[in-house]
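We number each residue from 1, following the sequence as shown. Worth knowing before you read on, the calculation uses all heavy atoms, side chains too, and leaves out hydrogens, waters and symmetry mates.
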Amino acid sequence: MLPSRGRSGKKSIIWAVRTSWETVGDGEFFCADCGGDRNYLRRTGRRRLTVLGLPLLARGRTGPVIECAACETRFTTEALDHPTTTRFSAMLRDAVHTVTLAVLTAGGASSHTVTETAVATVRAAGFDECTEEQLTALVDALAADTGRFVTDAEPCGAALTIELHEALQPLAPHLAPAGRESILLQGARIALADGPYSPAEREVLATVGGALQLCAQDTSRLLTAAARMPS
């Protein structure tokens, strides 16, 4: 941008590179500047060299960018990687539900104390109408599905491991360490409701810790600490 001085002595712009934006899409995202869910415009731009405000030469394209419809701040498309508040809540709720089922499938579903604790955990996560019968039916369905059934030889079945990773890995980067630890500890409290961890329960919880991007040492420390807490 090249300024010059007119007769009045004030600076005026002779030439500049300006961008004209075109909207190519829209949606909802989490705006970091607003601190909440907002609508966005996905925009691409054409850069032009202007002289005395008149466009003369094309200078290429720019973008795409994500523009908040509220504050008009522009972000890179990586802003869409952050879940909206609504989506984040759903991911957190589903994560707790999946961990609960995994722990129950490890052998605790036959204990009323365990299923009662599991129901309270799932309800607190957002499934307000969850019942023991519903959880037991889901565990029975998982046990009947080849590859999901937990045995002493394979404490965390292959398909169950995949489901844990699918529910927890996308969520983990958006949680503070305390949040990731909280999910693991909720599963631990369910497992401990009827006594010490069984080998199958400990193996499932180790898988949960790994999917939450907790190192093996931290996972072991947290499980040990949970076992020492009074019931």
Side-chain angles (χ1 to χ4, degrees), residues 89-172 175 177-231:
S89 297
M91 292 169 68
L92 188 59
R93 182 183 65 224
D94 291 345
V96 173
H97 188 263
T98 302
V99 169
T100 299
L101 288 178
V103 173
L104 292 177
T105 306
S110 59
S111 167
H112 172 70
T113 304
V114 171
T115 55
E116 189 176 48
T117 304
V119 168
T121 301
V122 172
R123 286 179 175 175
F127 288 103
D128 299 334
E129 298 180 0
C130 177
T131 65
E132 289 187 47
E133 292 74 17
Q134 290 174 346
L135 286 182
T136 301
L138 286 171
V139 171
D140 290 342
L142 289 173
D145 192 354
T146 302
R148 300 171 190 258
F149 190 69
V150 176
T151 66
D152 291 336
E154 190 178 13
C156 196
L160 185 56
T161 299
I162 291 173
E163 288 191 8
L164 283 171
H165 281 273
E166 287 180 344
L168 300 178
Q169 280 186 330
L171 175 65
L175 287 173
R180 287 180 271 138
E181 293 176 0
S182 174
I183 293 176
L184 175 66
L185 291 173
Q186 289 180 70
R189 283 192 286 270
I190 295 170
L192 292 166
D194 63 344
Y197 304 114
S198 68
E201 288 171 336
R202 183 171 282 277
E203 181 66 24
V204 166
L205 290 169
T207 301
V208 170
L212 287 168
Q213 300 179 6
L214 296 171
C215 69
Q217 293 84 352
D218 285 345
T219 297
S220 178
R221 172 181 57 80
L222 290 165
L223 295 181
T224 300
R228 291 174 177 169
M229 293 179 63
S231 57

Could you tell me the separation between the [atom1] atom of [X] and the [atom2] atom of [Y], rounded to the nearest 0.5 Å?
X      : Y      : atom1 : atom2 : value
Leu214 : Ser220 : CG    : OG    : 12.0 Å
Thr117 : Gln186 : OG1   : CD    : 12.0 Å
Leu212 : His165 : CG    : NE2   : 9.5 Å
Glu201 : Leu104 : CD    : CG    : 9.0 Å
Glu203 : Thr161 : CD    : OG1   : 8.0 Å

Kindly give the heavy-atom pair with the smallest separation between [X] and [Y], and that separation in Å.
X      : Y      : answer
Arg221 : Glu181 : NH2-OE2, 3.8 Å
Ala188 : Ala226 : CB-CB, 4.1 Å
Thr113 : Ala193 : CG2-O, 3.2 Å
Leu205 : Gly187 : CD2-C, 3.7 Å
Arg93  : Gly126 : CD-C, 3.8 Å
Leu223 : Tyr197 : O-OH, 2.8 Å

Any side-chain heavy atom of [X] sitting closer than 4.5 Å to one from [Y]?
X      : Y      : answer
Phe127 : Asp94  : yes
Arg189 : Thr121 : no
Arg180 : Asp218 : no
Thr98  : Leu168 : no
Gln134 : Glu129 : no
Thr219 : Arg202 : no
Val139 : Thr115 : no
Leu164 : Val99  : yes

Quiz item: Does the side-chain contact (heavy atoms from CB on, under 4.5 Å) test come out yes or no for Leu135 and Leu101, once each step is laid out?
Solution: CA-CA 7 Å; Leu135 286 182; Leu101 288 178; 4.0 Å; yes
Quiz item: Are the side chain of Ser182 and the backbone N or O of Ala178 linked by a donor-acceptor pair below 3.5 Å?
Solution: no
Quiz item: Does the pair Leu92 and Ile183 meet the rule for a side-chain contact (heavy atoms from CB on, under 4.5 Å), with working shown?
Solution: CA-CA 9 Å; Leu92 188 59; Ile183 293 176; 3.8 Å; yes
